[in-house]
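Below is one structure, written out as structure tokens; the observations come after it.
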Amino acid sequence: MNIQKIASIFFVILCIITILILAKSIIIPLIIAVFIWFVIKESREFLDKSLWIKNNIPKWIKTIAVAVFIIFVLGIFIKLLVSNISSLSSYLSQYEENLFVLIDSLEQNFNMDIKSIIVDYTGNFDFQSIAQGFLSSISELFSNTFLIILYLIFILMEESTFIGKLKGIYKHQKEYEETIQLIEKIDKSIGKYITVKTFLSSLTALLSYFTLLLIGIEFALFWAFIIFILNYIPSIGSLIATLFPALMALLQFGTENYTPFIMVLIFVGLIQVLVGNFLEPKMMGNSLNISSLVVILSLSVWGAIWGIVGMVISVPITVMMILVFSQFEKTKNVAILLSEKGLINKEK
């Protein structure tokens, strides 16, 4: 490979990354719509396990019913969550006071200048600005709801005609069949991942929500949503999902009572361990075939490009890349490097 070819590859990669960043407001709602479409499709296939439903209810009615139900549930949840975020914003000054009391207590006990250390790393420690920025980034996920629904409608409309269009593209039957096989592999891997991960994240969030309510943590719904989102993020997501509500317990109760903090760490952490280490392997299996190092790298890259949303979709995108690259001789070596054990053609 000559220098000119290497330079061309880097230029193309740079252009793609630039487009992904600049077109973020257009592409992210589309990706969220695709995620919802996968959930709708998998839910429809689950309903088809009943022979009566499969034989008596048309596909389009099942699609509309599932889509309306999901959008309705999401609408109610988003309304409650936005209300939670608004209320949480009004408590930031109180939490800031508790935070500084906590820092003063730690400085006295450990003889450290924690404030100076924080300023050295962040440049300026303004808790309310940092917290408001975090809450704003969460609220941005719902800012394009109309666009997401619009994308979803058109995806559902295209679903019935896509195979016919694809057949018209290819002149040779063999090429068409190879493409269909690739699409089915991607559909099977991504569909299973999204569906199982959504169910497990929902279960973890629901159990954590009731746990936080029982402990007495304020804005439990908001923290349950954060847990739901973070559980999509591989490797570090579950750890951060435990630490966030635990830190909230410290800010809420201050230095007077450390019991809620310890309880959140123990019980929310236990839920994460049980779901992540026991239930998830049984339901997910080892079907994704991705190297652990690649998972961390893709998490970092997509997180840098698209933030939290990029972290959430990092695994599905990597799976898709492995499946596509494995189909072509020139990119097969890349697929082998990205895979877990280099067995890219092994059927899972």
Side-chain angles (χ1 to χ4, degrees), residues 77-107 109-110 114-115 117-118 121-122 124-142 200-233 235-276 303 307-309 311-312:
F77 180 75
I78 288 170
K79 186 176 180 181
L80 292 171
L81 187 62
V82 169
S83 175
N84 248 235
I85 291 173
S86 177
S87 299
L88 179 57
S89 299
S90 64
Y91 278 77
L92 290 179
S93 58
Q94 178 185 327
Y95 294 148
E96 185 175 42
E97 290 177 10
N98 289 343
L99 176 62
F100 285 123
V101 170
L102 178 64
I103 290 174
D104 289 337
S105 175
L106 291 173
E107 286 180 339
N109 291 331
F110 295 98
I114 296 174
K115 291 176 186 174
I117 295 171
I118 294 172
Y121 278 96
T122 62
N124 180 30
F125 182 63
D126 187 341
F127 172 76
Q128 290 199 49
S129 297
I130 294 170
Q132 285 286 5
F134 173 71
L135 295 178
S136 297
S137 67
I138 297 298
S139 299
E140 280 178 14
L141 292 174
F142 314 117
L200 293 174
S201 295
S202 300
L203 178 63
T204 306
L206 187 64
L207 293 173
S208 299
Y209 171 71
F210 288 115
T211 301
L212 294 173
L213 277 182
L214 290 171
I215 295 172
I217 304 300
E218 294 172 338
F219 311 109
L221 181 67
F222 172 76
W223 295 113
F225 172 74
I226 296 300
I227 289 169
F228 172 79
I229 292 295
L230 289 173
N231 269 273
Y232 279 98
I233 299 174
S235 303
I236 63 171
S238 58
L239 175 63
I240 301 173
T242 304
L243 289 176
F244 269 19
L247 291 173
M248 176 64 198
L250 279 178
L251 295 180
Q252 181 181 332
F253 293 96
T255 56
E256 297 175 1
N257 188 1
Y258 288 106
T259 303
F261 168 73
I262 296 169
M263 290 177 70
V264 170
L265 279 181
I266 292 173
F267 291 112
V268 174
L270 185 61
I271 292 169
Q272 293 285 354
V273 170
L274 291 175
V275 174
I308 293 175
V309 176
M311 292 179 179
V312 169

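Please read these numbers as outputs of a predicted model, since none were measured by experiment. Side chains included, hydrogens not; waters and symmetry mates left out as well; all remaining heavy atoms used.
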I need the [X] [atom1] to [Y] [atom2] distance, nearest 0.5 Å.
X    : Y    : atom1 : atom2 : answer
S238 : L200 : OG    : CG    : 12.0 Å
F225 : F222 : CZ    : CZ    : 8.0 Å
I271 : I227 : CD1   : CD1   : 7.5 Å
I226 : S208 : CD1   : OG    : 12.5 Å
I229 : I240 : CD1   : CD1   : 13.0 Å
L203 : L207 : CG    : CG    : 4.5 Å

For [X] against [Y], the heavy-atom pair lying closest together:
X    : Y    : value
A220 : L212 : CB-CB, 3.9 Å
A205 : A224 : CB-O, 3.3 Å
M311 : G303 : CG-CA, 3.7 Å
A241 : N231 : CB-ND2, 4.1 Å

Residues 260-267 side chain polar contacts: donor-acceptor under 3.5 Å, at least two apart:
none

Heavy-atom side-chain contact between L221 and Y209 under 4.5 Å: yes
Please tabulate, one pair per line, all N/O donor-acceptor pairs under 3.5 Å involving side-chain atoms of residues 244-254, not counting sequence neighbours.
{"residue": "Q252", "atom": "OE1", "partner": "E218", "partner atom": "N", "Å": "2.8"}
{"residue": "Q252", "atom": "NE2", "partner": "G216", "partner atom": "O", "Å": "2.9"}

Side chain to side chain contact (heavy atoms under 4.5 Å, CB included) between Y232 and S201, worked out: CA-CA 7 Å; Y232 279 98; S201 295; 4.0 Å; yes
